[in-house]
*Asks:* 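Below are the structure tokens for one structure; questions will follow.
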Amino acid sequence: MSDQNVSLPLSPVDQAGWRSLISAQVGTWLLIAVALCLPLVVAGSWVFALGICFANAIGVLSVSVLVRYGGEVSIGHTFFSAVGAYTVAILDTRFGIPLWLSVPPALALGVVAGILFAWPSRRLSGIYLAVSTLALALAVPEIINNADGLTGGYEGLYVSEPLVPGVKMSLQRYYAALAVLLAVTYGLARLRRSRQGLALLLSKSHPAAADAFGARQVWARVAVMGISGGIAALCGAMLAFAGSTVSPSGFTFWAAIFLLVGSVVSVYGLTFPRALIGGAFLTLIPQFLSASGAWIPVLYGVALLGVILAGHYLPRLTQAMGRRKGGA
Amino acid sequence: MDAATNALTGQGISLSFGGIKVLKGLDVTFRAGEITGLIGPNGAGKTSLFNCLTGAYSPQEGQIAYAGQSLDGLSPAARAGKGIVRSFQHVALSLDLTVLENVMIGVARNHHAGWLNAFLPLPRGRAERAEMERAAMGALTDLGLADAAHSLPDALPPGMLRLVEIARAIVGKPDVLLLDEPAAGLNNSETRDLMQTLRKLRSGGLVMVVVEHDMDLVMSICDRIYVMNFGEFVACGTADEVRRDPDVIRIYLGSDDD
Ligand SMILES: Nc1ncnc2c1ncn2[C@@H]1O[C@H](COP(=O)(O)OP(=O)(O)O)[C@@H](O)[C@H]1O
Ligand SMILES: [Mg+2]
């Protein structure tokens, strides 16, 4: 017993864990380096699409964080991304306020919207919560069209204020979206290690235990929705800036569903590479599919179904395979 | 004197679920500086009493107070803030967190770094994490679990998880420590180490209550023992008194084998 206590703090298993962690980090840094250099080598249309992809990746993270830390799914996160997008677009078009001044209020409004939604729905979970988020998603286009004096209605708004005057706008769109995506993944990595993050994770699986150590369930729900709403608003803000136009067609019910699908595709990952997978799915698959004309809805439906089934069964399959390997 | 003023007390605690009386007007005094045992057959209501004391259940009747202050109406989180901490009969650890991180949650109530610290590398948040890690590592080392600190719970055997559960409860230096079957699933040497740890924890200010089926453990570490059956106390006293009590003998005779 006592000789075990004085041994090295890392067992061989942990060392293998560290090694895979380090190699994963090297992969992430490589990916970041590639992302930083890409605009120098690829065509302009790709730079634009990748900027949108980064913004979408932020949206995927907003849903994944709800799954990971709250154990809940949302099919209405376009509500929060619309809050962010219209904050940026309205401040830009009405007051000429550039992105670096409009992102903080967009983030704050997203957090507030998340908290305001969390409070009345704090006792709901599972399918009931998902359906109540659905109501949010369905309301968004209506709200935007009704407030057309402010939002520009169907026409939408055009975001044109540069972030850094004098720098090529296409590069600004790309790098701003990338920077915010990196900042969000960094913040989420820190959250995982924070006191609040630990409490949220315990609350997800054992609410009574978390309660007994001072983390109330209502606190956990409100906190997770606030974080998730804030990240979704950042997604909207960057969609507005990177995509340059904001209109209700970007915040439909389907867009909300795709955010969830993107989250499933990335296996609810909160890292930069995982978020990119989800963002790429949201951004690029529709473009590839649009080449196939009338088959789009069918193909998209099949893709969706495949992804959801894979997301549902893959973890169990790998678990079962791991068990067989362990038994052999 | 001090022991009496810092006691955890319940008066006339009655709890029922849909007409079924689970606790029938219990009066208890758990004193500081003592280890109190709470024994009785399965379904006697031991866990339910813990749930009432921590605020997880609201008894229909009765008052609960700690150090002379009423706890009635306080949430479990608020009671945790007053230093009332428990371990769970069914181990309640997060599988997403390492063993060390699970134990760190036990000291969370002593730390207050704000939300900015959760997302940004600010000094206060870093210091908090380091301090929480140090405290958790200390508790794990005391229970012989230092090697498992960085493992995930599902990689460990049940006995170790039980000890992690206890480490989480004791790490925050509680004023009231309620342990629900802390030796369940432990082997003999683990049980012996646990007894050692609990004895060392006994101090003038601490109210410690242990629900346990392991009679050797209860009889050897407890200063006072409450025996419960069907939501009532059938006996209360020192180990020797309880051992000789005819009602206790009747309840436990023949149920030795489970
Ligand atoms: N939440 C609950 N709902 C209904 N019945 C409960 C609940 N909690 C405990 N009980 C009942 O209370 C009785 C005492 O249970 P418990 O306190 O767990 O006993 P012990 O811990 O002594 O084994 C049991 O009959 C149990 O079924
Ligand atoms: Mg019990």
Side-chain angles (χ1 to χ4, degrees), chain A residues 1-15 17-18 21 68-69 71 107 111 183-220 223 226-227 230-231 268 270 319 326, chain B residues 51 54-56 75-81 84-88 90-98 101-102 104-115 117-122 125-126 128-129 132 137 141 144-152 155 165 168-169 172 178 189-190 193:
Chain A
M1 208 67 221
S2 55
D3 52 348
Q4 274 177 13
N5 286 347
V6 293
S7 68
L8 287 171
L10 293 180
S11 70
V13 180
D14 292 321
Q15 279 167 359
W18 282 112
L21 194 76
R68 280 292 174 102
Y69 285 85
L107 171 63
V111 172
V184 170
T185 53
Y186 177 79
L188 287 175
R190 295 221 59 94
L191 175 67
R192 171 61 184 75
R193 293 170 53 79
S194 70
R195 187 186 85 246
Q196 291 91 338
L198 303 188
L200 289 175
L201 285 171
L202 179 65
S203 188
K204 180 184 70 166
S205 54
H206 297 284
D211 218 9
F213 288 96
R216 274 169 292 130
Q217 248 172 293
V218 172
W219 168 85
I227 295 169
I231 296 174
Y268 313 118
L270 298 178
Q319 225 174 23
Chain B
N51 281 332
T54 57
S75 69
R79 294 183 201 206
I84 300 173
V85 171
R86 71 180 296 184
S87 76
F88 288 83
H90 302 286
V91 172
L93 302 173
S94 169
L95 300 182
D96 295 318
L97 301 176
T98 65
E101 288 171 326
N102 268 294
M104 284 161 69
I105 287 176
V107 281
R109 69 183 175 86
N110 303 333
H111 294 274
H112 309 282
W115 273 104
N117 294 276
F119 297 103
L120 301 173
L122 303 177
R126 283 166 179 246
E128 176 182 279
R129 167 100 190 176
M132 288 170 72
M137 203 63 197
T141 309
L145 293 169
D147 287 337
H150 299 286
S151 310
L152 288 171
E165 171 83 31
R168 182 176 65 182
L178 308 173
S189 84
E190 286 168 334
D193 288 352

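Note on naming: letters A, B, ... go to the chains in the order of the sequence lines (proteins, then strands), and numbering restarts at 1 for each one.
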*Asks:* Look at B:H111, B:R86, B:M132 and state which one has the largest set of heavy-atom pairs under 4.5 Å with chain A.
*Replies:* B:H111
*Asks:* Is there side-chain contact between A:L191 and B:W115, with at least one heavy-atom pair below 4.5 Å?
*Replies:* yes
*Asks:* Evaluate the side-chain proximity of A:L198 to A:R192: yes if any heavy-atom separation is below 4.5 Å, no if none is.
*Replies:* yes
*Asks:* Atom CG in A:L201, atom CD in A:Q196: separation rounded to 0.5 Å?
*Replies:* 12.0 Å
*Asks:* For B:E101, is it the side chain, the backbone, both or neither that has a heavy atom under 4.5 Å from a heavy atom of chain A?
*Replies:* both
*Asks:* Between B:S75 and chain A, with a heavy-atom cut-off of 4.5 Å, which part of the residue counts as in contact: side chain, backbone, both or neither?
*Replies:* side chain
*Asks:* Most heavy-atom pairs under 4.5 angstrom with chain A, which of B:V85, B:I105, B:N102?
*Replies:* B:I105
*Asks:* Tell me, side chain or backbone of B:A92 under 4.5 Å from chain A's heavy atoms, or both, or neither?
*Replies:* both
*Asks:* Just verifying a value: how many Å separate B:M104 CE and A:R195 CZ, rounded to the nearest 0.5 Å?
*Replies:* 10.5 Å
*Asks:* Out of B:G125, B:A80, B:A118, which one racks up the most heavy-atom pairs below 4.5 Å with chain A?
*Replies:* B:A118
*Asks:* Would you mind telling me which of B:I84, B:L93, B:T54, B:N51 has the largest number of heavy-atom pairs within less than 4.5 Å of chain A?
*Replies:* B:L93
*Asks:* Counting only heavy atoms closer than 4.5 Å, note whether B:A78 contacts chain A via side chain, backbone, both or neither.
*Replies:* neither
*Asks:* With a 4.5 angstrom heavy-atom cut-off, is it the side chain or the backbone of B:R79 that approaches chain A, or both, or neither?
*Replies:* neither
*Asks:* Any chance you could measure B:F88, atom CZ, to B:L178, atom CG, to the nearest 0.5 Å?
*Replies:* 10.0 Å
*Asks:* Between A:R68 and B:D96, does at least one N-O distance fall below 4.0 Å, as a salt bridge requires?
*Replies:* no
*Asks:* Relative to chain A, which segment of B:R129 carries a heavy atom at a distance below 4.5 Å: side chain, backbone, both, or neither?
*Replies:* side chain
*Asks:* Measure B:A149 against the heavy atoms of chain A and call it side chain, backbone, both or neither at under 4.5 Å.
*Replies:* neither
*Asks:* Against chain A, label B:L120 side chain, backbone, both or neither, depending on which of its atoms sit under 4.5 Å from a heavy atom there.
*Replies:* backbone
*Asks:* Is B:H90 close to chain A through its backbone or its side chain, or both, or neither, when contacts mean heavy atoms under 4.5 Å?
*Replies:* neither
*Asks:* Any chance you could measure B:M137, atom CE, to B:L145, atom CG, to the nearest 0.5 Å?
*Replies:* 9.5 Å
*Asks:* If you measure from CZ on B:R126 to OG on A:S194, what distance do you get to the nearest 0.5 Å?
*Replies:* 13.0 Å
*Asks:* Nearest 0.5 angstrom please: A:S203 OG to A:Q217 CD, how far?
*Replies:* 5.5 Å
